[in-house]
Protein chains: 2
Amino acid sequence: MSTSEIYRTLPEQIAAQLRQEVLSSKLKPGDPLREVDLSERFGVSRGPVREAFRQLTQQGLLVLEPNKGVRVAQNPSVEVRPLVVRLRRTIETFVLKSIFERITADDVSYWEDILADIKAACESNDVDALTEHDLRFHQAIIRSHDDKDLFALWQPIAMRMMMHYNRLDDIMDSYREHKRILDAIRAGDKTAALDALETNIQ
Amino acid sequence: MSTSEIYRTLPEQIAAQLRQEVLSSKLKPGDPLREVDLSERFGVSRGPVREAFRQLTQQGLLVLEPNKGVRVAQNPSVEVRPLVVRLRRTIETFVLKSIFERITADDVSYWEDILADIKAACESNDVDALTEHDLRFHQAIIRSHDDKDLFALWQPIAMRMMMHYNRLDDIMDSYREHKRILDAIRAGDKTAALDALETNIQ
DNA sequence: GGATTGCAGATTGTCAACAATGGACACTTG
DNA sequence: CAAGTGTCCATTGTTGACAATCTGCAATCC
């Protein structure tokens with residue numbers, strides 16, 4: 001992980017690593033994951049690996065079949081993708097509307113740090129890092145809401161959007177879109193912020 | 001379980017039982033669940049119980065804190081509940097719209113069976129059974145879509161709505177609402193069916 | 001020849017023992 | 001007496017052994 005986030009438990013560390021590999025297409029849809037392989041690779045027993053599988057299944061990145069193990073999930077079909085976009089927009093705009101008046105300078109400063117990471121990833125053309133920081137940006141917004149359950153609601157939807165997907169011709173657009181969101185927030189322009197957010201989610 | 005559904009794995013059976021107890025408020029928000037207690041109760045080791053905990057966590061019924069175990073989740077806050085309603089409506093109307101032209105006689109016949117269960121539950125004033133069959137009804141609709149991933153997307157949202165909640169003054173209303181959905185489907189009236197579905201989800 | 005059965009290896013499912021963690025409460029210390 | 005420290009116990013986290021299940025392939029039968 002390029003971020004120095006602290007994962008408290010063994011399964012979380014394993015899940016974080018595997019998530020990164022799925023989102024970066026190092027692991028492709030349909031690829032099987034073997035418990036023993038991974039337990040040897042991470043130097044743990046099969047228990048924590050199974051637990052990590054469970055977390056990633058919940059996030060929609062892996063699919064589990066009893067007695068047959070887990071595989072990397074397929075991308076949402078072309079038919080379902082617009083639904084996922086709509087769901088994610090619904091949640092994120094709900095949260096932004098809800099917290100808008102209570103956004104603190106600390107919040108903005110934290111989001112700016114992430115924006116800087118996004119900018120760096122764009123400039124060095126590092127798609128994997130961009131995916132990671134893009135996710136962190138939106139995650140940070142969701143997490144600033146009081147109701148922590150919103151994150152659990154949002155995560156599986158957002159993950160399904162981030163899987164093996166790249167809609168941008170110019171990678172720098174990602175930076176511009178996120179900057180536009182943050183600029184509008186800083187200016188206190190709620191309508192513009194919501195519009196910028198919706199534009200970014202597609 | 002009053003239905004004779006077949007659960008293939010041990011964890012699924014345990015999860016089904018616990019889910020029923022959470023949805024029927026036998027287990028209340030904040031109640032802790034102990035691995036050893038449940039493993040003794042179900043006559044298995046702690047492994048399958050942990051696995052069941054993971055499934056229910058993913059569905060939003062339980063909340064997991066590392067090194068501290070799981071508790072029954074809180075109801076969605078009054079602020080978040082409208083969002084959950086909107087998300088569930090979005091998914092279910094999307095599915096109904098999408099499958100409408102391809103609904104078979106077998107589908108309708110199966111849904112009628114569930115409607116009969118709903119009617120029976122209403123008439124005998126059995127709220128727990130009603131919750132179960134209400135869930136089965138909507139689940140059946142979601143599952144008739146080709147994209148099986150939709151169910152995974154829908155479930156955590158629907159579960160959050162079903163937790164310890166009863167919006168109806170007259171329990172028979174539930175039967176009437178579901179009957180109205182099915183009548184509209186039988187009549188081939190898509191608009192009416194979608195409207196009836198939205199009315200039922202609140 | 002094509003379908004069915006039976007085996008063998010690989011893989012997941014379950015278990016019970018042991019390790020690590022966290023919280024309560026008594027104890028020391030200033 | 002208040003703040004901090006240590007110990008114990010309940011509980012979860014991790015492990016490795018063993019059981020059950022699935023998959024592919026070869027032998028058998030019609």
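The analysis underlying the following values was restricted to heavy atoms, covering all of them including side chains, and did not include hydrogens, waters or symmetry mates. Within every chain, numbering begins at 1; the chains are lettered A, B, ... in the order of the sequence lines, protein sequences first and strands thereafter. Since the structure is predicted, the reported quantities are computational estimates derived from the model, not experimental observations.
Here the side chain of Ser144(B) pairs a donor or acceptor atom with the backbone of Ile141(B) at under 3.5 angstrom.
Residue Leu64(A) is out of contact with every strand shown, counting any heavy-atom pair closer than 4.0 Å.
Between Arg41(B) and Gln17(B), some side-chain heavy-atom pair lies under the 4.5 Å cut-off.
Residue Arg34(B) places at least one side-chain N or O closer than 4.0 Å to OP1 or OP2 of dT12(D). Dashed line: the shortest gap from a side-chain N or O of Arg50(B) to OP1 or OP2 of dG13(D) is under 4.0 Å.
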Side chain to side chain donor-acceptor pair (under 3.5 Å) between Gln58(A) and Thr57(B): does it pass, once the steps are laid out? CA-CA 9 Å; Gln58(A) 148 182 25; Thr57(B) 300; over 6 Å; no
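A salt bridge links Asp173(B) with Arg176(B): at least one charged nitrogen is closer than 4.0 Å to a carboxylate oxygen. Ion pairing between a basic and an acidic side chain is recognised when a charged N comes within 4.0 Å of a carboxylate O; Asp149(B) and Arg160(A) show such pairing. Residues Arg88(B) and Glu92(B) are paired through a salt bridge, judged by an N-O separation under 4.0 Å between the basic side chain and the carboxylate.
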List every contact pair, protein side and nucleotides 7-9 of chain D side both N or O, where the distance is under 3.5 Å.
none

Heavy-atom contacts, protein to nucleotides 15-24 of chain D, under 4.0 Å, summarised as B (base), S (sugar-phosphate only) or - (none) per nt, yield B-B---SSS-
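Residue-environment remark: NZ (Lys148(B)) exceeds the threshold of 12 foreign heavy atoms within 6.0 Å.
His138(B) meets the ring pair (Phe, Tyr, Trp, His ring centres under 6.0 Å) test with His178(B); sequence neighbours excluded.
Atom CD of Glu12(A) and atom C1' of dT12(D) are 14 Å apart (whole Å). The interatomic distance linking Glu65(B) (CD) with dA10(D) (P) rounds to 21 Å, in whole Å.
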